[in-house]
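Just so it is clear, the structure is predicted and the values come from calculations on it, not from any experiment. Just so you know, ligand 1 is whichever comes first in the structure, and atom 1 is the first atom listed for that ligand.
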Amino acid sequence: MKTVFSPLHALHAGHVELGAGVIEPGYEVPERADIVRAHVSAAGLGPIVPPTSQSLDVARSIHASDYVDFLADAWNLWTTEGYSGSALPMVWPTRPLRGDLRPRAIRALLGWYSFDGGAPFVAGTWDAVRASYASALTAADIVAHGDRAAFSISRPPGHHAGRRMAGGYCYLNNAACAAQRLRDGGATRVAVLDVDFHHGNGTQEIFWHRGDVFVANIHGDPASEYPFFLGAADEIGVGEGEGANLNLPLPPGTDFTVWNAALESACRAIEQFRADVIVVSLGLDTFVGDPISHFRLESQDYPRVGARLAALGRPTVFVLEGGYAVDALGANVVGVLSGFLDG
Ligand code: Q9C
Ligand code: ZN
């Protein structure tokens, strides 16, 4: 299996985020991608290749074009207005404030284009975001050209990014863009399976009205877990998309036995959908040692996850999402991928 990696991810570094009662160093650190790369290399899973050059066309079809422009300009606007540090929003146009009053000030634009304080900008953020996106599209292209699977070490992650909002460490929705790329390349039906601890609210929003992309999520119950305001079991899609969204929320403390039963349900739904190709939003923050998440999967469980995905018998694009127990992240990713290759 080829792995796509760009060193440009490291330009997104040194940011802070809003925690509970504190502003703290970001959990989404460059060491994450580096340790994943090192473990993929040491495990000999296959060649590690750079992303190919990718235009923003797919990003502009998945996201609002003005949002993509904003991501590209945000740091420049922030410094032009005289600010430094991490560019973070401080006001959001939530109900009952006006949602039609697009501001000019960068402090307010950051809120216009986000849903939380979890997607800060520093000088290198946009370059890293572009590389993360290009890596996901490259992995999709590798699979479209006939490989059984490919893995994108996308950093920053993407699944919380909606059509016109950043949040939860995410800017461009890499997995959604990969799914769109596969559709554009001739796949009729694509399934996105999101196994990150957190509900992939952005991916759900993006494909909510579409019947050609099935989205399945296994995640912490939004009653108590981030992103709180999406991810309930009654969200099934609308219009053409009705029935093409599956949410499997699970309580904090869930272990592999229960989680694996949800994976089985998601896989059966994907089989029924008859997807031509699968995109896995591969978050490893289901791990028991994750510092911000509350499931109890162990390292030995991840190869079984990979083997079940292999049993779907479809070409598969793996896109890295979350996972913040940095020391264990590389081994856990390799666990999934080697389980897939052996499966
Ligand atoms: N300050 C992904 O896993 N809440 N995003 C963090 C600590 C945001 C997770 C709270 C979690 C976002 C891709
Ligand atoms: Zn997550």
The atoms of ligand 1 lying under 4.0 Å from a heavy atom of Gly19, numbered in the order shown, are 1 (N)
Is the closest side-chain donor-acceptor distance between His199 and Gln204 under 3.5 Å? yes
Numbered atoms and elements of ligand 1 in range of Glu24, under 4.0 angstrom, heavy atoms: 1 (N), 7 (C)
Roughly how far, to the nearest 0.5 Å, is the CG atom of Leu282 from the NE2 atom of His159? 11.0 Å
Side-chain donor-acceptor contact under 3.5 Å, Arg60 with Tyr67: no
Is it true that the side chains of Asp184 and Gln180 contain a donor and an acceptor less than 3.5 Å apart? yes
Check whether any N, O or S atom of Glu321, backbone or side chain, sits closer than 2.8 Å to the Zn ion (ligand 2). no
Please determine if Lys2 and Asp147 form a salt bridge, counting it only when a charged side-chain N lies under 4.0 Å from a carboxylate O. yes
Asp116 near ligand 1, heavy-atom distance under 4.0 Å? no
Indicate whether any N or O donor in one side chain lies under 3.5 Å from an N or O acceptor in the other, for Ser132 and Arg155. no
Quick check: do Pro7 and Phe5 have side-chain heavy atoms less than 4.5 Å from each other? yes
I need the Asp196 CG to His160 NE2 distance, nearest 0.5 Å. 5.5 Å
Identity and separation of the nearest protein heavy atom to atom 1 (N) of ligand 1: Glu17 OE2, 2.6 Å
Is Ile292 in polar range of ligand 1, meaning some N or O pair under 3.5 Å apart? no
So which heavy atom in the protein is nearest atom 5 (N) of ligand 1, and how far is it from that ligand atom? Gly168 O, 3.0 Å
Please name the atom of His198, restricted to N, O or S, that is closest to the Zn ion (ligand 2). ND1
Strictly under 4.0 Å, does any heavy atom of Glu28 approach an atom of ligand 1? no
With the Zn ion (ligand 2) as the point of reference, which N/O/S atom of Asp285 is the closest? OD2
Find all atoms of ligand 1 within a distance of less than 4.0 Å from any non-hydrogen atom belonging to Pro157, and give their numbers and elements. 13 (C)
For Asp285 and ligand 1, does the shortest N/O to N/O distance drop below 3.5 Å? yes
Tyr27 versus Arg32, side-chain donor and acceptor atoms under 3.5 Å: no
Is the centre of the Trp75 ring less than 6.0 Å from the centre of the Phe121 ring? no
For atom 6 (C) of ligand 1, find the nearest protein heavy atom and state the residue, atom name and distance (0.1 Å precision). Tyr169 OH, 3.4 Å
Arg104: which residues meet the side-chain hydrogen bond (donor to acceptor under 3.5 Å, both in side chains) condition with it, sequence neighbours left out? none
If you count the atoms of ligand 1 from 1 in the order shown, which ones are under 4.0 Å from a heavy atom of Leu18? 1 (N)
Test of proximity, Tyr324 against ligand 1: N or O pairs below 3.5 Å: yes
Considering only N, O or S atoms of Asp196, the one closest to the Zn ion (ligand 2): OD1
Please state whether the separation between the Zn ion (ligand 2) and some N/O/S atom of His159 is under 2.8 Å? no
Minimum-distance protein heavy atom relative to atom 4 (N) of ligand 1: Tyr226 CD1, 4.0 Å
